[in-house]
2 protein chains.
Amino acid sequence: MSATVARDETGQEVPSARQQAVLDAVLALLVEEGDQLTMDAVARRASCSKETLYKWFGDRDGLLTATVRWQASRVHAGRDAAGVLDAATLRERLLDFAVTWLDVIAGRTSVVLNRIAIAHAGSRKGNLGAIVLANGRLAIGGRVKPVLEAGRAAGLLAYEDGETAFRTFFGLVGRDIQIRLLLGDALDLDAAEIRRDAARAVDQFLALYGQARP
Amino acid sequence: MSATVARDETGQEVPSARQQAVLDAVLALLVEEGDQLTMDAVARRASCSKETLYKWFGDRDGLLTATVRWQASRVHAGRDAAGVLDAATLRERLLDFAVTWLDVIAGRTSVVLNRIAIAHAGSRKGNLGAIVLANGRLAIGGRVKPVLEAGRAAGLLAYEDGETAFRTFFGLVGRDIQIRLLLGDALDLDAAEIRRDAARAVDQFLALYGQARP
DNA sequence: CCAGTACCGTACCGTACGGTACGCAGCGGC
DNA sequence: GCCGCTGCGTACCGTACGGTACGGTACTGG
């Protein structure tokens, strides 16, 4: 109940350096060991006592939640410089989103964390799922939609419902990749393939929603 | 080791009526209780003994595998009458696939089974994931691609790689729906919305790949 | 009528794992 | 130096659950 814990701009507690090390250990274990993560293993890996884990994170769910948040806090990078768009810039911005998104969902960490969250959503108390959703699908949506809006304002895109347009973009980019990875399909994408996929998705999106500037 | 078990055309054993009842009990429990499925619960629900469960299915994994296969065997309906396509028929066939697919992935059973399979894929022995994949994504792919081929043969579609074209179709239909449901997002689609979504996806797909018959 | 088989119900076992208790070392404050 | 605090290491507890054993019942074939 100390009043000295740091908090970020949204009021979330930000873990101390030692706690971050513990959370990184959790991520490492998750990636290496598949998901049968035990508190003992975490304590051993992080060289801390189980009692400390329980003191800091409450229980196993708390540890998982903190881990997911911690990972999420790393992904939020990316600049969204605003301003009036031209066609080339719009394309480039969409391409950037697409590449970033594919990089994320194709990463081992994302796959494992999504698996955890999905399993969690299956057994009541589905806040983990909500967190992952908020920091994945919804976060990228929140960042892409303003770009689409700017594109429409500049006369480069035509659509009625921004949500629908974004979800189409999402579908064109992700296709079956995420579900296949979650289900254990090998399917490793290298950077070149990701760029190709992203470019194809952007081309298709612009073919559907783009229009020449009037 | 009785030699009298029935087998289907692919050599899979097909469960007896009593066994089917057990598997249905598993499905019901899965849907009702989230996924913390215990052998005790199954035995109680199906009014059979645990010993029988182990005799029939080997172990818990075997029971899960049989359940997934059993559910998969139900979905394989759907006529694929071949022949030369005209534009309206092609559209209708694609629409039918899209509606069917959305119906499946939006169903409680599919969500729960996918969750099980994904959790399973996270902890070694990922055959459950492979089975779900084979009967979901891959099965529908196998059925859609011939239709696309027929459309191309009829000069109604233009594409180079059938796999890519199909995956685009898949992305346009599914978008973020499956991952959101798996993560516990409420998002309940009624039949009308599914039809709208499916129609939009087909329109978009034809906008990308369709061409007037020369 | 008996033997064999199939299966239900239930008691039981072993263990893995979440969670707690306790001893001990390092360290800052008085 | 002594005291309290934080946190490591480890031993420990309780329980849920996978898997097994066993007794009892119904049915079938001989």
Side-chain angles (χ1 to χ4, degrees), chain A residues 1-6 13-26 28-30 32-68 115-116 119-120 122-125 127-128, chain B residues 1-6 13-26 28-30 32-68 115-116 119-120 122-125 127-128:
Chain A
M1 293 307 159
S2 154
T4 63
V5 279
E13 291 189 14
V14 42
S16 72
R18 183 74 181 92
Q19 289 170 339
Q20 291 177 14
V22 170
L23 298 179
D24 282 333
V26 173
L29 275 177
L30 246 21
E32 291 166 22
E33 302 292 331
D35 71 352
Q36 74 283 36
L37 179 87
T38 71
M39 298 300 274
D40 267 305
V42 172
R44 224 173 312 122
R45 174 67 165 252
S47 293
C48 70
S49 74
K50 280 170 66 176
E51 190 164 19
T52 302
L53 291 182
Y54 284 102
K55 184 171 186 181
W56 285 348
F57 303 105
D59 59 6
R60 189 172 181 277
D61 261 25
L63 178 60
L64 254 21
T65 304
T67 303
V68 168
R115 284 202 184 122
I116 297 276
H120 201 91
S123 49
R124 315 279 193 267
K125 285 241 282 285
N127 41 349
L128 259 194
Chain B
M1 295 303 160
S2 153
T4 65
V5 280
E13 290 189 13
V14 41
S16 71
R18 183 75 181 94
Q19 289 170 338
Q20 292 177 13
V22 171
L23 298 178
D24 282 332
V26 174
L29 275 177
L30 247 21
E32 290 166 22
E33 302 293 329
D35 70 353
Q36 73 285 35
L37 180 88
T38 71
M39 299 299 274
D40 267 305
V42 173
R44 225 174 310 122
R45 174 67 164 253
S47 293
C48 73
S49 73
K50 280 170 67 175
E51 190 162 20
T52 302
L53 291 183
Y54 285 102
K55 182 172 186 181
W56 284 348
F57 304 104
D59 58 8
R60 189 172 180 277
D61 260 25
L63 177 61
L64 254 21
T65 303
T67 303
V68 168
R115 283 201 184 123
I116 297 277
H120 201 91
S123 48
R124 316 279 193 267
K125 285 238 286 281
N127 41 350
L128 259 194

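Each chain gets a letter, A, B and so on, in the order its sequence line appears, and its residues count up from 1.
The listed nucleotides are dC8(C), dG18(D), dG18(C); the one nearest the side chain of Lys50(A) is dG18(C). The side chain of Met39(B) approaches dG18(D) more closely than any other nucleotide in the set dG18(D), dG18(C), dG7(D). Picking from dC17(C), dG19(D), dG7(D) the nucleotide with the shortest atom distance to the side chain of Thr38(A) gives dC17(C). Considering only the side chain of Arg60(A), dG18(C) comes nearest among dC8(D), dG18(C), dG18(D). Of the candidate nucleotides dG7(D), dC7(C), dG9(C), dG9(C) has the atom lying nearest to any side-chain atom of Ser47(B).
Nearest-nucleotide positions on DNA chain C for Gly58(A) and Gln36(A) put Gln36(A) closer to the 5' end.
With rounding to whole Å, Asp40(A) atom CG is found 14 Å from dC8(D) atom C1'. A straight line from CZ of Phe57(A) to P of dT20(C) spans 16 Å, rounded to a whole angstrom. Atom OH of Tyr54(A) and atom C1' of dC22(C) are 17 Å apart (whole Å). Computed from coordinates, the Lys55(A) NZ to dC8(D) P distance equals 10 Å when rounded to whole Å. The distance between atom CZ of Arg18(A) and atom P of dG7(D), rounded to the nearest whole Å, is 9 Å. We find that CG of Leu53(B) is positioned 16 Å from P of dA21(D), with the value rounded to whole Å. In this structure, Trp56(B) places its CH2 atom 19 Å from C1' of dG18(D), rounding to the nearest Å. Atom CZ in Arg44(B) sits roughly 11 Å away from atom P in dG18(D) (whole-Å rounding).
Side-chain contact check for Asp61(B) versus His120(B): some heavy-atom pair is nearer than 4.5 Å.
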When you look at Leu64(A) and Leu37(A), which way does the side-chain contact (heavy atoms from CB on, under 4.5 Å) test go after all the steps?
CA-CA 10 Å; Leu64(A) 254 21; Leu37(A) 179 87; 3.8 Å; yes
Is there a side-chain contact (heavy atoms from CB on, under 4.5 Å) between Met39(B) and Leu63(B) once you walk through the steps?
CA-CA 9 Å; Met39(B) 299 299 274; Leu63(B) 177 61; 3.9 Å; yes
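Nearest heavy atoms, Ser49(A) versus Ala43(A): C-CB, 4.2 Å.
The residue Asp59(B) sits close only to the backbone: its heavy atoms come under 4.0 Å of sugar-phosphate atoms, none of a base. Residue contacts for Leu37(A): at a heavy-atom cut-off of 4.0 Å it reaches the sugar-phosphate backbone alone, with no base atom in range.
In terms of phosphate contacts, Ser49(A) brings no side-chain nitrogen or oxygen within less than 4.0 Å of OP1 or OP2 of dG9(D).
The existence of a salt bridge linking Arg45(A) and Glu33(A) is excluded, since no basic side-chain nitrogen approaches an acidic carboxylate oxygen closer than 4.0 Å.
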